[in-house]
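Reading through the structure tokens given below for one structure.
The first residue of the sequence shown is numbered 1, and numbering continues consecutively from there.
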Amino acid sequence: MKLVTTHATRLFNCQVKTTGEYSGCNSISQLLVTNLTYSISRINMDISQTQNLAAGVALIGVAFVFGYQKVLFALLLVSLAALTRFMLRILWHQVKGLERDTHQKFANSHLPAKSWGLPIAGCTLDFVLRGPDVSLNLMQNKKVRTMQLFLLGEWTVFVSGAENLRKILLGEGTLVETEWPDTTKQLVGEHSLLNMTDRQHTQLRRIFNPMFTHGKLVTRVSDMEHTVRKFVKQWTQQQKVALHVEANRCMFAFILPTMIAADANATEVEAMRKDVIALTDGLLAIPIPFGGDFSKGLSARTRIITLLRSLINRRTEKMEAGEDVPNDGLQDLINSSARAGHELTDEQIEDHINLLIFAGVDTSCVVVLNAVYELSRCSQHIRDKLYDEQQNIIKNHGEKLDASSLAAMTYLNCVINEVMRLRPPVAGGFRRALQTFTLIDTNGIVQIPAGTKIAYSIANTISLHNTLGESGFDPDQWLKEGGKALNVEQFAFVPFGGGRRVCLGRDLAMIMIKSLLAVLLRECTWTIDNDPVKWKLFPFPQPIGGLHVNFSER
């Protein structure tokens, strides 16, 4: 109730901020009013503007006639009524369920299996605590590839299986459209590629493509190697390294000044790195109005955008003054949009860079952490094969890393694939059905009614693949006889997504991951100080308690 919040906070001289901070509240009672009015504005989102106006005027009138206590009581009643209405609406959606399309062409199909969970909450709490493991376990227990879970107030169909993923990922714009949770949309930005659909998405993707062409990326390999060697040298000189922090710092030290803005200084790089971590933590968090990961993420996003805006303004001033500008990602975006005849707004540039930074750094880091962990525990012959491969590459290509030497790292590529099989860097994605369509399940053909929320599962799909085993870390299964790479069925293994929305930065991610692991294999041996490590898989695989590594020079 926007007007209620506005008038009440003015009345009591309290200033509410969207970050969850507050000022000017000189009593506990006033703070309570601020909290209540903010909560009402978040809960009762569907009240019409007329009702908002009437409620606001009514409460102001009560304030003048009856005094402060009456206003507080009125706010409590309104809050309780709004909350009750909200809960009843959710319960109704849960009981009602998805409506089956009765058209004749869907006569032989049925709705996916269903898991009710708790009344009103459904499976939401389980999903927050355990992540995609909830859907994986339920689907494995019922031996199905599609399943309905009641999450965040609506039925969501979880989908796995290569054929089903093919249909969904290739059906963008016809069968489905992208739809992420509101928290993700707000933190990533409404102008980012993640939230664009249809023509807008295609147009922006064409503009952003030049940042990720093969010709552009191969020129960045030496920059990545230089950054990696500097960090690895530091790690070998330390007794114990918190790799979950240091790998993130290493990736960030490369991606912001090299791929985004070369004129960013070290202070700006470190400040943004910390803010990106806070933003990532809030991506799929429950939007608690005051405090919590989502509110912290919003504050972090504000600081990130402020810094990006400063970098853009500095670049614009240099261009207008006719000064030389660096050949970095920011300049690529400016030049590409000019060539396409579609000048990007500052907001579009800011949101795209914000997406690139958090997506590129976080996903690359989790793969590196997983690889370092698994290689510390695997059999010696795997480590020997990796070291021998690196020595052969040095012999044939020289010490310096370049595009040809990275391409020759066949067995390292198998290790990376195996790590992403065990713990995919991204669990899946969200879509909304534009029309009713069918998918294949173990118990027949299931229909996905128009308007249904869909969550496709990369992790579940990999686990269903017949060619790949589930007996732990085994990079050799990615090789054919003769040492050539195994060709896995299309859409059975899609760690970077697929179709029109396949990850733009997948080649950049592989350059970053391979470069760091290659230098570690050549220069170091290591042990894990806090082994065994438990992993949190949602929203990205992260070691609980961190990953503390002892590095030694070879």
Residues V176 and I168: closest non-hydrogen pair is CG2-O, 3.5 Å
Margin query: With heavy-atom distances below 4.5 Å as the criterion, would you say the side chains of K514 and N413 are in contact?
Written below: yes
Checklist entry - Regarding N164 and R145, is there a side-chain donor-to-acceptor distance under 3.5 Å anywhere? => result no
- Task: Evaluate the criterion side-chain contact (heavy atoms from CB on, under 4.5 Å) for residue pair L520 and F551; output intermediate values, then yes/no.
- Result: CA-CA 9 Å; L520 285 176; F551 287 104; 3.7 Å; yes
Closest non-hydrogen atoms of P475 and Y411, given as atom of the first, atom of the second and distance, are CB-OH, 3.9 Å
message: A side-chain contact here means heavy atoms from C-beta on lying under 4.5 Å apart; do T258 and D328 qualify?
response: no
Does G189 offer a backbone N or O that forms a donor-acceptor pair with the side chain of N195 under 3.5 Å? yes
Subject >> Plane angle bin for F212 and H352 - parallel if under 30°, tilted between 30 and 60°, otherwise perpendicular >> reply: perpendicular
Of all heavy-atom pairs linking W180 and L194, the shortest is NE1-CD1, 3.4 Å
**Request:** Please check if the side chain of T213 supplies one atom and the backbone of N209 the other of a donor-acceptor pair under 3.5 Å.
**Result:** no
Next on the checklist: What I want to find out is whether E177 reaches R432 closely enough, with some N-O distance under 4.0 Å, to be called a salt bridge.
Outcome noted: no
Per salt bridge (Lys or Arg N to Asp or Glu O under 4.0 Å), E172 is matched among R166, K167, R500, R431 by R431
### Pairwise side-chain contact, M251 with D362, heavy-atom cut-off 4.5 Å (strictly under)
no
In terms of heavy-atom contacts, T461 and A162 come closest through CG2-N, 3.7 Å
Checklist entry - Mind checking whether L412 and L386 have side chains closer than 4.5 Å, heavy atoms only? => result yes
Taking atom CG of N396 as the centre, does the number of heavy atoms from other residues, nucleotides or ligands within less than 6.0 Å exceed 12? yes
Hey, does the side chain of S295 reach the backbone of G292 with a donor-acceptor pair shorter than 3.5 angstrom?
no
Electrostatic pair D263:R315 at N-O distance under 4.0 angstrom | yes
OG1 (T452) and CZ (F437) are apart, to the nearest 0.5 Å, by 8.0 Å
Report the C-alpha distance between D402 and S405 in whole Å, list the side-chain angles of each, state the deciding distance to 0.1 Å, and finish with yes or no for side-chain hydrogen bond (donor to acceptor under 3.5 Å, both in side chains).
CA-CA 5 Å; D402 57 23; S405 63; 3.2 Å; yes
- W526 side chain to V372 main-chain N or O, any donor-acceptor pair under 3.5 Å? yes
side-chain contact (heavy atoms from CB on, under 4.5 Å) with R301: of V276, V188, N354, only one passes, and it is N354
Stepwise salt bridge (charged side-chain N to carboxylate O under 4.0 Å, His left out) test for E270 and R249
CA-CA 8 Å; E270 182 60 14; R249 187 171 280 126; 3.2 Å; yes
- Task: Go through the steps to decide whether R423 and E374 satisfy the test side-chain contact (heavy atoms from CB on, under 4.5 Å), and finish with yes or no.
- Result: CA-CA 11 Å; R423 300 184 192 94; E374 294 296 340; 3.1 Å; yes
Would you say R199 has more than 12 foreign heavy atoms packed within less than 6.0 Å of its CZ? no
Taken to the nearest 0.5 Å, the spacing of C365 SG from Q542 CD works out to 8.0 Å
For R314, the side-chain hydrogen bond (donor to acceptor under 3.5 Å, both in side chains) test, sequence neighbours excluded, returns E268
| task | Mark yes or no for whether S515, through its side chain, and M512, through its backbone, hold a donor-acceptor pair below 3.5 Å. | result | no
Quiz item: Can you list the steps and then say if F254 with H226 is a side-chain contact (heavy atoms from CB on, under 4.5 Å)?
Solution: CA-CA 9 Å; F254 165 74; H226 174 75; over 6 Å; no
In terms of heavy-atom contacts, L165 and S160 come closest through CD1-CA, 4.0 Å
| field | Salt-bridge present (D346, R309; N to O < 4.0 Å) | value | no
Does any part of the side chain of R205, heavy atoms only, come nearer than 4.5 Å to the side chain of M196, both counted from C-beta? no
Output for pair (L187 CG, T280 OG1), nearest 0.5 Å, gives 9.0 Å
Y373 meets the ring pair (Phe, Tyr, Trp, His ring centres under 6.0 Å) criterion, sequence neighbours left out, with W535
In short, G215 meets T219 closest at the heavy-atom pair O-CG2, 3.3 Å
*asked:* Walk me through whether R501 and L169 qualify under side-chain contact (heavy atoms from CB on, under 4.5 Å).
replied: CA-CA 8 Å; R501 289 186 172 271; L169 294 176; over 6 Å; no
- Query: Would a 4.5 Å heavy-atom cut-off, applied to side chains only, mark I304 and I353 as touching?
  - Reply: no
| Do the side chain of D351 and the main chain of H191 share a donor and acceptor less than 3.5 angstrom apart? | yes
CD1 of I416 to CG of N370, rounded to nearest 0.5 Å, is 11.5 Å
_Could you check whether E323 pairs with K318 (Lys NZ or Arg NE/NH1/NH2 to Asp/Glu carboxylate O, under 4.0 Å)?_
no
### Task
Look at E523 together with R229 and state whether they make a salt bridge at an N to O cut-off of under 4.0 Å.
yes
Would you say that F208 contacts L504 through its side chain, given a criterion of any heavy-atom pair below 4.5 Å between the two side chains? yes
Value for CD1 (I448) from OG1 (T436), rounded to nearest 0.5 Å, stands at 9.5 Å
| request: Please confirm whether R554 makes a cation-pi placement over Y387, using NZ or CZ under 6.0 Å from the six-membered ring centre and within 45° of the ring normal. | output: yes
Taken to the nearest 0.5 Å, the spacing of S310 OG from I305 CD1 works out to 12.5 Å
Q.
Using side-chain heavy atoms (C-beta onward) and a distance below 4.5 Å, is C414 in contact with D476?
A. no
Main-chain N/O of T174 paired to Q435 side chain as donor or acceptor, under 3.5 Å: yes
